[in-house]
Amino acid sequence: MTNGLNVSHGLNQAQAEAVDTLSGPMLVLAGAGTGKTRVVTFRIANLIRNGTPPDRILAMTFTNKAAGEMQERIGELIGSKKKRNPKRGEAAEPKPTISTFHSLCVRILRQHAPTLGFPKKFSIYDRSDQESLARGILRELRLPGTALKPGDMLAIIGGWKNQSVLPDEAAMSASTDKEHFAASGYRRYQDALRARAAMDFDDLLLHTETLFREHHDVRDAVASLYDHVLVDEYQDTNGSQYRITRDLTFKHRNFCVVGDDDQSIYAWRGADVTHILSFTQDWPDAKVVCLEDNYRSTGAILSMANTLIQYNTERHDKVLIPSRPDGMRPRILQHKDETVEAKLVVSEITELINKKHIQPRDIAILFRTNEQPRLFETELRKANVPYVMMGSQSFFDRREIRDLLAFLKWIDQPDDEISLLRIINTPARGLSNKTVQLLVKRAVERGVPVWQVMQNNAAIADLSPSARRGIAELESLAHDVRERAEHDSLTDAIRTMLERTAYADEIARLYDQPEERDARMASIGDLTNAIGAYQDNSSDPSLTGFLSDIALSGREMGNEKDKMAAKNSVWLLTLHAAKGLEFPYVYMVGMEEGILPHSRSLKSGRDEDIAEERRLCYVGITRAQENLTLSMALTRRKWGKPRPTTPSPFLYEITGKADNPARNRKARKRRLA
DNA sequence: AAATGCGCCTTTTTT
DNA sequence: AGGCGCATTT
């Protein structure tokens, strides 16, 4: 520590090394709980202390939550002033850019989309938009539903996109039947997106990559904005992200990546762990720092994690070294069925909170799939224990939210046909299914968006008067809402929309129970509040901006009440959502074959799929600081019927039960290796 | 044109 | 069990 300016005190030697080297490529291989986040934030702070202008630093994360937290920690470290009523026109204090890949790409594309033949107001299609589109295409191709399901097609297309395989090349990379079908759908899918002025999540990356590849002036302009680029969770980068970061760093070479190959749990969405494993081949002069001292978990928890992960063969061989005492041995509990599992876990939690005065926020329940938490929610509610469910999509799955967002998306971008078709007759306005089909047919014939046909008086002259009235109604509605959004405010716009559609009446019509009505109206209120909050926090609010924000970070949105409660609540998280977090008390539930590892991974039979499930289990275990409980149910209901279960093979691996065939098989393999 | 009814399929994980 | 597409009533 030669530099008087450094802020690295309180770090161990390896951490300090990672923080003190300020330039050139660097790889930080950081195991779970070794202070990875601390290293990244300290490093950024140190760059700033040593004279790098903050706004010349770009740090990339994979979730908005991670970006937000990093922003906060850096603010604390460099002592950025609290923004109290910044005067209009006063230059904002320069800050490092901390962004997810997707947000960064959206920002770039909002500016350069016309170069690629897209309008600046392109829609972002989420999973369900994609599925509607894919369903339509499969229907057009007349592939029977059994041959290729929309989800399958999207997964295959997504894989190609991540590897930058374009529609024309896809047929050549196809080997299975499904892939061949998907290849024929791929071209149509991309054309359909373009016709709807829409991009899916993969496109945000793919189009940015294309933009950089084909327009070096744009690439260089973006790259020259930054002198330092850092990527957290580098093991999660997919092909597009890899190439985008390469384009942003090849000139200045100040590229620092941080990650852990044992925590790579996103291969299914294109993440390629070889990016981190071969970093030193890409950057031969890279400095490599390994962090192996674990400050998070007790020795007993860590030894369990170490034992488990050693069953994976393809990995950097490293062992986490505990810096804490052994602590309590993790427990493995078997329950009669999933209801008992939920009841007992919750009653234990209640006891922890009431008798041992543990804070709810120090307890987490982790699970593999999103259907598992339901029972736990019910029990927690019964026991009056505050809880938050992170990453729950439920808010955006609500019909009323989907409808209102579809309205907004269509009003913002009239070519967005998926959104238009969702709300074209919601609430009913005289446009029957048959009429809609006719309109779509005419649009296809003319090769123009449906909305253009609907606005063409000649094209709709033969429609029933009620249908024409419906179209006129939509038109004036869109006009008024757009006016409001542009000239008044976004909250005015959504209020106008709710009034003009009489959406409250629709809710009253659909739901006859007053509680349900209230709940639905409340979630509409939440959406209105979210728009208000966006408007207050954004320097240049727009409908387009709001919709982008929602698409990219929607699932983190909740109402204010939830946010208050979240400050001290029990956490309910999927294993994926739990990455990067830590809790004194962790319950990993549903430790059964078919759940973890998931049946789809078992079915594929590929070793690397099981290895990823094992890493997922490893991530779960290493979230626990002091107390870990693994539990399973002996029977579990599936599709209504109770079914006997089998313990997760990982339970045997963890405990070292030699008589387990799974372990013997693995052990034999290792001996041979 | 809207409401009701029937059968089918679903269920990984998420930016 | 629940949601959705499709077919049949009202």
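Per chain, numbering begins at 1; letters A, B, ... match sequence-line order.
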Looking at B:dT15, B:dT14, B:dA2, which one has an atom nearest to any side-chain atom of A:Trp268? B:dT14
Heavy atoms only, 4.0 Å cut-off, all strands: where does A:Arg374 land among base, sugar-phosphate and nothing? nothing
Could you give the NE2-to-C1' distance, from A:His598 to B:dT10, as a whole number of Å? 12 Å
To the side chain of A:Arg509, which of B:dT15, B:dA3, B:dA1 is closest? B:dA3
All N/O contacts under 3.5 Å from nucleotides 5-7 of chain B to the protein, with atom names and distances to one decimal?
none

Looking at the side chain of A:Ala428, which of B:dT15, B:dA2, B:dA1 is the nearest nucleotide? B:dA2
Check for me whether the distance between the ring centres of A:Trp571 and A:Tyr387 falls short of 6.0 Å. no
May I ask you to decide if A:Asn238's main-chain N or O and A:Gln241's side chain share a donor-acceptor pair within less than 3.5 Å? yes
Length of the CG-P vector between A:Asp236 and B:dT15, whole Å: 11 Å
Stacking of A:Phe101 on B:dT15 base (centres under 5.5 Å, planes under 30°): no
Given B:dA2, B:dT10, B:dT14, the nucleotide with the shortest approach to the side chain of A:Asn425: B:dA2
Starting at the 5' end of DNA chain B, which residue's closest nucleotide do you reach first, A:His102 or A:Arg429? A:Arg429
If I take atom CZ in residue A:Arg135 and atom P in nucleotide C:dC4, what distance separates them, rounded to the nearest angstrom? 9 Å
Between the side chains of A:Glu400 and A:Ser523, does any donor sit under 3.5 Å from an acceptor? yes
Of A:Phe62 and A:Thr435, whose closest DNA chain B nucleotide lies nearer the 5' terminus? A:Thr435
Which residues satisfy the salt bridge (charged side-chain N to carboxylate O under 4.0 Å, His left out) test with A:Asp416, sequence neighbours excluded? none
Value in whole Å for how far the P atom of B:dT13 lies from CZ of A:Phe367: 10 Å
Which nucleotide in the list B:dT15, B:dT13, B:dA1 gets nearest to the side chain of A:Ser466? B:dA1
Could you pull out all residues at least two apart from A:Asp609 that satisfy salt bridge (charged side-chain N to carboxylate O under 4.0 Å, His left out)? A:Arg606
Classify the side-chain pair A:Ser164/A:Glu209 by whether it contains a donor and acceptor separated by less than 3.5 Å. yes
What is the distance, rounded to the nearest whole Å, between atom CD of A:Glu371 and atom C1' of C:dA1? 11 Å
Base, sugar-phosphate, or nothing: which does A:Ser599 touch, judged by heavy atoms less than 4.0 Å apart? nothing
Nearest listed nucleotide, side chain of A:His576, among B:dT15, B:dT14, B:dA2: B:dT14
A:Asn433 vs B:dA2: side-chain N/O to OP1/OP2 distance below 4.0 Å: no
More than 12 heavy atoms of other residues, nucleotides or ligands under 6.0 Å from CD of A:Glu475: is that the case? yes
Students often get this wrong, so: under 4.0 angstrom with heavy atoms, is A:Asp126 touching a base, only sugar-phosphate, or nothing? nothing
Using distance alone, with no hydrogens and no angle criterion, decide if A:Asp262 and A:Gln235 have a side-chain donor and acceptor under 3.5 Å apart. no
Round to the nearest Å and state the distance from A:Glu131 atom CD to B:dC9 atom C1'. 13 Å
For A:Ser648 and A:Glu593, which I'm curious about, is there any donor-acceptor pair between the side chains at under 3.5 Å? no
Is A:Lys149 near enough to B:dT10 that one of its side-chain N or O atoms lies under 4.0 angstrom from OP1 or OP2? yes
Nucleotide of B:dA2, B:dT10, B:dT14 approaching A:Asn370 most closely (side-chain heavy atoms): B:dT14
Nearest-angstrom distance from the residue atom CZ of A:Arg600 to P of B:dT10: 9 Å
Given B:dA2, B:dT15, B:dA1, the nucleotide with the shortest approach to the side chain of A:Ser464: B:dA1
Atom CG of A:Leu138 and atom C1' of C:dC4: how far apart are they, to the nearest Å? 16 Å
